[in-house]
Number of protein chains: 4
Amino acid sequence: MSSTAQDSTPRGRPRSDEAREAILMAANELLEGAGFGRLTIEGVAARAGVGKTTIYRWWPSRGALAMEALLSKVAPVIAFPQTDCASDDIAAQMRRLARAYRGKTGTVVREMIASSQGDAAIRQLFFDGYLAPRREAARRALRRGVARGEFRSDLDLDAVIDALYGPLFYRLLLGHAPNDDAFLDSVAAAVLTGIRVQRIG
Amino acid sequence: MSSTAQDSTPRGRPRSDEAREAILMAANELLEGAGFGRLTIEGVAARAGVGKTTIYRWWPSRGALAMEALLSKVAPVIAFPQTDCASDDIAAQMRRLARAYRGKTGTVVREMIASSQGDAAIRQLFFDGYLAPRREAARRALRRGVARGEFRSDLDLDAVIDALYGPLFYRLLLGHAPNDDAFLDSVAAAVLTGIRVQRIG
Amino acid sequence: MSSTAQDSTPRGRPRSDEAREAILMAANELLEGAGFGRLTIEGVAARAGVGKTTIYRWWPSRGALAMEALLSKVAPVIAFPQTDCASDDIAAQMRRLARAYRGKTGTVVREMIASSQGDAAIRQLFFDGYLAPRREAARRALRRGVARGEFRSDLDLDAVIDALYGPLFYRLLLGHAPNDDAFLDSVAAAVLTGIRVQRIG
Amino acid sequence: MSSTAQDSTPRGRPRSDEAREAILMAANELLEGAGFGRLTIEGVAARAGVGKTTIYRWWPSRGALAMEALLSKVAPVIAFPQTDCASDDIAAQMRRLARAYRGKTGTVVREMIASSQGDAAIRQLFFDGYLAPRREAARRALRRGVARGEFRSDLDLDAVIDALYGPLFYRLLLGHAPNDDAFLDSVAAAVLTGIRVQRIG
DNA sequence: AAATAATCGAGACGGTACGTCTGGTCTTACC
DNA sequence: GGTAAGACCAGACGTACCGTCTCGATTATTT
């Protein structure tokens, strides 16, 4: 077993975790207080009692900092219940997710998606750090349904997930109508019915 | 007793349409060339050969200007075909819309939605000027299907529209997968099947 | 039947002088309230209820307007007394002038001289409208002294005037010491003694 | 007990003397080329290759900058010759000063005095930085004359200085007549004669 | 212990763009 | 045909942040 080639203990003064945490905390406070648009590096540095250099040393951009700040405190993945019926589990999770998005989390997610639009690196951070694990959980729920013979086995799971959650995000971002339970149920019903194993007439 | 409702004779030099058009054209050029993030009031003023004051006099913010610039030249509503089958009409329009969004229009729409997140005024402008007319066209297509006996008559049309187009916008904004025809067809099939009048067994 | 030409009322232009006076009054108010530095054409126009054009039609610059505004209300020439002794007359007038300059007039004159520095036209206006008549009065007082045999007859009167009043303006503008009577008397004494007809020993 | 008076260790990046000098040089060039009225912070920044912030960080106003620029390059105090005769020394220095004022320096000094009128801080700067040392030199010359028994010992030196130099500044600022040698000599003669120790008849 | 190395805070630096203010010019409609 | 209103281009204002760059001070590892 080759002991890792990369064992080189770093020289010099080690990174200060105290500073790191102060920065993320300050960033979060600014994000919640004033929104992403008013989060500035200088503001974070001042509030955290930290030099600007320290921020630039560790984060490539305002967006990257905001994203990490958010991920550092984002709500845990909304879990999928595991009853006898995968369809019900999914519909129930969607309702819970929508409830979370009606609060502060929704604002935060909206801003994260918004700030992703102009910067591919931020988009990747958001996808990897936030969206991907949540999509993986959904994928597992769907696979469970497939395994139970509830859903067809030839599904494009990503497409199904997008069909289920796309409307929710659409309303979150455009804001023309609320993500109420009736809406989510109707979306879930339409999509899940469409992927259900057909009863033979 | 004069009953004139509109008595407001504007005083002073009237607004210059020439300047207005030069500003919107310059804004569009910058939007397409460098994106919303690089659109600055100073840049627009310089390119349009216009004083900054003239821009600030008529547009309250960078976002409002960008939005109006977008709306002033955006492709006309992607029309719905009108064949015998409303379902086919809708699915066909979705494919066309997605094609448009794979080009420059998609980038601009993404950025407009993003900049809507921090500014309620922009959001309203975008909804009224861009989204609402397109949703109304979709609503008409759905009503046609209802009238033809193709779709159920108890539908929440807005919810149906969100279910159809939400996934498309979701992929547009998150970018984790392309809006290809197969995906859109599967979404359309699931949703439209769900609202179809049930055949009596 | 329109009688084109001449109604009994001759083509009224009732405004002109009214506007002119309103402008000068507004300019004076601004000058006294905020000083020359804060006098702007726009401010004057707004306060006078007048279009900017009307100001630009009659005055070539901010300074010219200010100058005329000041001249329109400036205190009358401080008269020279006419006693038996021209020296005493002059010294007395200097004391009176200094007293006037210790009040608002002094501030106004200071600012007029200041605004003359960058604009030859303003300087000319100030000289012709303010300074020249006052110097002429001083010249007459000196000539009276010459005629009476009190002063020498080969004098360069302008140089004498500058020697008399220069120190007063110097203190007015630099402000390092007050123009008190003792100072003025000592200046007057030195200069007037110097130009007095010498007693033959 | 440590008696160190100066314990303030400056933190952060130290001020750049290079920038400071570039700014003063650029300001001087603009002052001489276009005059104080055309000296703008933006112009200085551009010419010096410096950010505007750097100027605003160290100078509170356009006038303060101009003043320091002037002081940084103004000829050293026009020295007083030191011959046997203090009267001659003073008259000679006045001629030299007037010669300097007939050139570019005169224009700048005029403008500085003008801009002092609306800003007490500028006035103070001009007095402390420019005028006071020159007056002190004159005071020393006069004291020399007193010590030599040439002038009376009960003089108000400030008043004498104002009497000597006031006319010169008066002509400089009003511009109605040149500061030629004959004029200065006559002023000097009158004033210095007046303060001379009287010969006993 | 001393030297080396990377960190930290502070804050100045050259810049870009902001949104405002004023200058001086130019249209309009009204009187 | 002069006037008020007010839009127009131009450009400087003073401010906010950007991202980079010294500094002196601190905290580790390596010699």
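Only a predicted model underlies this, so the values are computations on that prediction, with no experimental measurement involved. Reminder, nothing fancy here: chain letters follow the sequence lines and each chain counts from 1.
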Between A/E42 and C/G51, which is nearer to the 5' end of DNA chain F once each is assigned its nearest nucleotide? C/G51
Taking the nucleotide of DNA chain F with the closest heavy atom to each, which residue, D/S61 or B/D17, is nearer the 5' end? B/D17
Should B/S16 be listed as having a side-chain N or O under 4.0 Å from OP1 or OP2 of F/dA7? no
Can you tell me if the side-chain N/O atoms of C/W59 get under 4.0 Å from OP1 or OP2 in E/dG24? no
Rounded off to whole Å, could you give me the [atom1]-to-[atom2] distance for the [X] and [N] pair?
X: B/R57; N: F/dA10; atom1: CZ; atom2: C1'; answer: 13 Å
X: A/R20; N: E/dT7; atom1: CZ; atom2: P; answer: 15 Å
X: D/I55; N: E/dG15; atom1: CD1; atom2: C1'; answer: 13 Å
X: B/L65; N: E/dA17; atom1: CG; atom2: C1'; answer: 15 Å
X: A/R47; N: F/dC17; atom1: CZ; atom2: P; answer: 13 Å

What one-letter contact string describes nucleotides 25-31 of chain E from 5' to 3', where B marks a base within less than 4.0 Å of any protein heavy atom, S marks contact via sugar-phosphate atoms alone, and - marks no contact? BBBBSS-
In numerical order, the residues of residues 30-41 of chain B whose heavy atoms come under 4.0 Å of DNA chain E are B/T40, B/I41
Closest heavy-atom pair, C/L125 versus C/L71, reported as atoms and distance to 0.1 Å, is O-CD1, 4.0 Å
Give me the atom names and distance for the closest heavy-atom approach of A/N28 to A/S72. ND2-OG, 3.6 Å
Looking only at side-chain atoms of D/A19, point me to the closest of F/dA12, F/dC18, E/dG14. E/dG14
If you only use heavy atoms from C-beta on, which nucleotide in E/dC8, F/dA7, F/dC18 is closest to the side chain of B/W58? F/dA7
Any donor-acceptor pair under 3.5 Å from A/E42 side chain to A/K52 backbone: no
Are more than 12 heavy atoms, taken from residues, nucleotides or ligands other than A/E18, located less than 6.0 Å from that residue's CD atom? no
Just wondering, more than 12 heavy atoms not from A/R38 lying within 6.0 Å of its CZ? no
4.5 Å side-chain heavy-atom contact, A/R57 and A/T54: yes
Establish, yes or no, whether the cationic atom of B/R110 lies under 6.0 Å from the six-membered ring centre of B/F36 and within 45° of the ring axis. no
Is the Lys NZ or Arg CZ of D/R20 less than 6.0 Å from the centre of D/W58's six-membered ring, within 45° of the axis? no
Between C/R62 and D/A48, which residue's closest nucleotide on DNA chain E lies nearer the 5′ terminus? D/A48
Spacing of CG belonging to B/L70 relative to CZ belonging to B/F126, to within rounding of 0.5 Å: 7.0 Å
Would you classify C/G49 as touching base, sugar-phosphate or nothing, given that sugar-phosphate means primed atoms plus P, OP1 and OP2, and contacts are heavy atoms under 4.0 Å? sugar-phosphate
